Structure formats: structure tokens, C-alpha cells
Amino acid sequence: MVPLFRHRPIGLPLSGLVFGLALLVTNPSGAAEQIKLSLGGKMEQYFFLTDADELPGESLNSSGALSDVEVYFSGKTVLDNGIEISAKIEMEAENKNSGEVDEQYIDVKTAFGRLRVGETEGFNHNFSYETPYVAYEDDEIVGRVVPRRTSISVKEIMTFERFTGDAFQIGYESPTIAGFTVGANYFPTTTQGEDGFFDKSTIDNNAWEVSGAWEGRVRGGKVGLVGGYFDSQSRVGGNDGETAWNVSAQAEIGGFTVGGSFIRSTPDDELNSSTFGIATTYEIGPWGIGASYFRVRADAIPNAIIKDKIDQGKLEASYVLIRGIKLGMTGFIVGQEPAGGPEFNDMGLISSAILRF
């Protein structure tokens, strides 16, 4: 599946970035038309059936539904000197989150690379080859339809977005040379929506990441490899800082895609974790099928010998009605084992309708 948006974003000091932006925008020789916004978005609807192990006193419903709807406002202009300035705003558009800004950022693209300022995920998320899927692009769904029995959250678990979300960041993406791209980000804080000054005694802060990507052609397809490193400081008197690294790779030959990823996290609270995932897909015409597996091992207490465990497998099928409209069906089985506790085995089916406009 070809993503509608792909960015390959690296970090510069804030003062230098702001100065550079000011020069670009105020340069009289770069006059251009005012940015005109266009409208886009996504609508994801999921209905699921589950058979989940219950704790005493629980009475879990065997069916449910999820929605994820966003509206995008985007636009760009090109200055006379060839510099491209673009902006994007993503807003939640359903239920209790309706009207909230999910992401907002400005890009300035030149022959020397891309500068980015705003609230969005770091570029490691955009670089990384998360295990490929065909029914939908986001592997949060299974984790949202089964009861959580361990300390592990599988939301964005393969990239550094799990640590920063859509916090404010500045970054720079290098041009691609001989297939290589390098990028980095700096986050003053990992909390989204911070206004002005903040107290370092209340939140973790001064996070940064750096990633490198290579993509090359092979006979009948292409291959890629990505690696990244992340670090954030704990709040004063706290221990919520984080250090992590990840690698991922993917090969596409004909209609086949196979990929895998690994991430290792060593936070200041010593609740270390590691995650490994692998998947393969095959697409022919509008049809797609896929299979994937990932495993997570995490310390429930510092330097634990017995760990929280998750093992998840999926089989998927999809059909593209027209560009931007996809129907899917996913079967899954999840094994969760809390440290020192019983094992929970959950299984189910998820039907999906994904629209991009």
C-alpha cells in the first residue's frame, strides 16, 4: 500500500531555525502568492468481535466499534527563488475529541533539505518501516479491542512517537544522496500543548532523536534500512527520562513486501522493554493479504527476571474499491502474561472501512 503522505525528515538550534525562517519569509526576492488551504482527511470505522478471557467480576461484551475521523487543512506556496513553504493542520472530528488539534506544523523545503516547526511526531516515525499491513495502517487497533492485562501499551510501540506523541518539535531533513537520508528532532518537552515556559520539575524535557535511512533498488523491487536513537531528560526529582534505539528493514519485490523492526527502551526508572515485529504482505490488483507477528517483553519492576509479556499474531485481507477507499478483515490472537500472573488469551475479528480524501 502506497501511503498518501511520506516525509523523510534532523535538528538545528532553535535560534538558528527561527532566524532562517525569518530570512526566507521576509526576502523580497522570494515574493509569492499567499498560501491557500485545501481540505482533506480520513475516516476509519471498525467493528469487532472478540473472545476474551475474563477476570472475576468482569462481564465483557463480545462486540464493539471504534472510529477515528480527522480533517486536514493543508496548503503550500513556492517563492520565486524556488523555496517551498507548506503548512498542515490536523483536527479530530468525532466524539469527545471533536475540534481538538491533533497536529500542526510548517515545512520549509529547499535544495539543502527540509526544515519543520510545529506539533507532530518525530521523523523516526516517518523513516521507520513498521511491520507492513494491508487491512489498515495502524496497529493500535488490536490493542484497543482486547483488555489490557499488563503494564505494556502497544500504541506506536515500534517508533519513538511512543515517547513524544505530537509534542512541539523543530527538525531538519537532509536531501537524499545515493539513497541515504539523515534526520533529527529536538523537543523542548514531550508533552503536547505546553504554552511558553514550563517547569522542569513537573515534566520530562529536552528530548532529541536522530535517525538515518537508506533505500536502494534491486532487480524487480527495492529494499530499505533505518536506524535511530532517542534520549530525553527526567523531570527534576523524577525518573521519567528515556533512552531508546530502533532498527527496521523492508523489501518490496513484485507484489510481495516483507519487513521487520526492533526497538529497545531503557528508561530512567529501569523498566526496560524490547519489542520485535515481522510481517509479510502480498498485493495483486485491488486485493491484499498479510500476516504479522510481534512480541513485547517489559520489566514490571526494575531489573525484573520475570517480565510482562505480549505475543500477537494477525492474518489480514483487504480490497480497494477505488483509490482512497479500502475494506478489510483482520483475524487476531493475543497472548498476555503479567509478570508472575496467569496468561490471558484473546482472539477475534476486526472489520474495517478506511477512507482517505
Side-chain angles (χ1 to χ4, degrees), residues 1-9 42 44 46 68 121-145 154-162 179 181 211-228 246-263 274-296 310-321 323-334 349-356:
M1 179 173 58
V2 178
L4 296 183
F5 303 99
R6 185 177 179 113
H7 305 288
R8 289 215 158 169
K42 70 174 183 178
E44 301 179 357
Y46 303 96
D68 187 3
E121 71 273 357
F123 298 128
N124 179 263
H125 173 86
N126 305 109
F127 279 25
S128 295
Y129 296 105
E130 297 184 77
T131 49
Y133 314 114
V134 295
Y136 50 85
E137 296 182 28
D138 196 341
D139 196 34
E140 299 170 20
I141 305 304
V142 174
R144 294 170 62 187
V145 305
V154 298
K155 179 178 173 64
E156 306 294 353
I157 197 168
M158 290 294 186
T159 74
F160 301 153
E161 186 180 359
R162 63 191 271 196
T181 311
S211 301
W214 174 81
E215 190 169 88
R217 306 295 302 185
V218 295
R219 186 173 181 179
K222 60 183 179 180
V223 295
L225 178 66
V226 177
N246 68 352
V247 293
S248 60
Q250 185 166 289
E252 300 177 27
I253 301 177
F256 284 97
T257 300
V258 61
S261 56
F262 177 85
I263 185 169
S274 60
T275 304
F276 167 76
I278 189 169
T280 185
T281 64
Y282 179 68
E283 296 177 82
I284 180 169
W287 296 95
I289 57 174
S292 65
Y293 165 78
F294 80 77
R295 59 172 288 173
V296 189
I310 292 180
D311 292 272
Q312 175 181 300
K314 293 193 308 181
L315 294 174
E316 309 171 82
S318 66
Y319 181 77
V320 178
L321 290 175
R323 179 175 171 81
I325 302 179
K326 176 187 287 189
L327 304 179
M329 181 67 70
T330 301
F332 67 85
I333 182 168
V334 180
L349 292 172
I350 303 173
S351 62
S352 55
I354 312 296
L355 284 73
R356 296 286 190 272

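Given the structure is predicted, the values throughout are model-derived calculations rather than measurements.
When atom types are taken as modelled, the side chain of R162 and the backbone of I157 share a donor-acceptor pair closer than 3.5 angstrom. Side-chain atoms of S248 come within 3.5 Å of backbone atoms of Y129 as a donor-acceptor pair (strictly under, hydrogens ignored).
One distance of note links CZ of R217 with NZ of K222; it measures 6.0 Å at 0.5 Å rounding. Distance check: E283 CD to S318 OG gives 6.0 Å after rounding to the nearest 0.5 Å. The OG1 atom of T181 sits 12.0 Å away from the CG atom of N126 when rounded to the nearest 0.5 Å. Distance check, rounded to the nearest 0.5 Å: OG of S274 to CD1 of I263 gives 10.0 Å. The distance from atom CG of L349 to atom CE of M329, rounded to the nearest 0.5 Å, is 6.0 Å. Here OH of Y319 is found 9.0 Å from CG of L327. Values are rounded to the nearest 0.5 Å.
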Tell me which donor-acceptor pairs under 3.5 Å the side chains of residues 284-296 have, and how far apart each pair is, sequence neighbours excluded?
unit_1 : atom_1 : unit_2 : atom_2 : d
Y293   : OH     : D311   : OD1    : 2.5

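Residues T275 and F262 form no side-chain contact, since every pair of their non-hydrogen atoms from C-beta on lies 4.5 Å or further apart. Looking at V226 and W214, their side chains never come closer than 4.5 Å, going by heavy atoms from C-beta outward.
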The test is side-chain contact (heavy atoms from CB on, under 4.5 Å); show your working for S261 and V247 and say whether it passes. CA-CA 6 Å; S261 56; V247 293; over 6 Å; no
Candidate pair R356 and E44, rule salt bridge (Lys or Arg N to Asp or Glu O under 4.0 Å), full reasoning: CA-CA 9 Å; R356 296 286 190 272; E44 301 179 357; 3.0 Å; yes
I would like to know whether Q250 and T257 meet side-chain contact (heavy atoms from CB on, under 4.5 Å); could you show each step before the answer? CA-CA 7 Å; Q250 185 166 289; T257 300; 3.6 Å; yes
side-chain contact (heavy atoms from CB on, under 4.5 Å), that's the test. Do V154 and I310 meet it? Break it down for me. CA-CA 9 Å; V154 298; I310 292 180; 4.1 Å; yes
Show the numbers, then the answer: is there a side-chain contact (heavy atoms from CB on, under 4.5 Å) between I350 and V145? CA-CA 9 Å; I350 303 173; V145 305; 4.1 Å; yes
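In plain terms, the two heavy atoms of A251 and V223 that are nearest each other are CB-CG1, 3.8 Å. Scanning both residues, S211 and N124, for their nearest heavy atoms gives OG-ND2, 2.9 Å. Listed here is the closest heavy atom pair of T330 and A135: OG1-CB, 3.4 Å. Nearest heavy atom pair, residue V134 against residue K326, reads O-NZ, 2.9 Å. Annotation for I253 and R219: closest pair CG2-O, 4.5 Å, computed over non-hydrogen atoms. Residue I278 comes nearest to T131 through the heavy atom pair N-CG2, 3.3 Å, listed as atom of the first residue, atom of the second, then distance.
Between Y282 and F256, the ring centre distance stays below 6.0 Å.
Applying the side-chain hydrogen bond (donor to acceptor under 3.5 Å, both in side chains) rule to E130 yields no partners; only residues at least two apart in sequence or on another chain are considered. Contacts of Y46 classified as ring-ring contact (aromatic ring centres under 6.0 Å, His included), with partners at least two apart in sequence or in another chain: Y136.
A cation-pi arrangement is found for K314 relative to Y133, the charged atom lying closer than 6.0 Å to the ring centre and inside a 45° cone about the ring normal.
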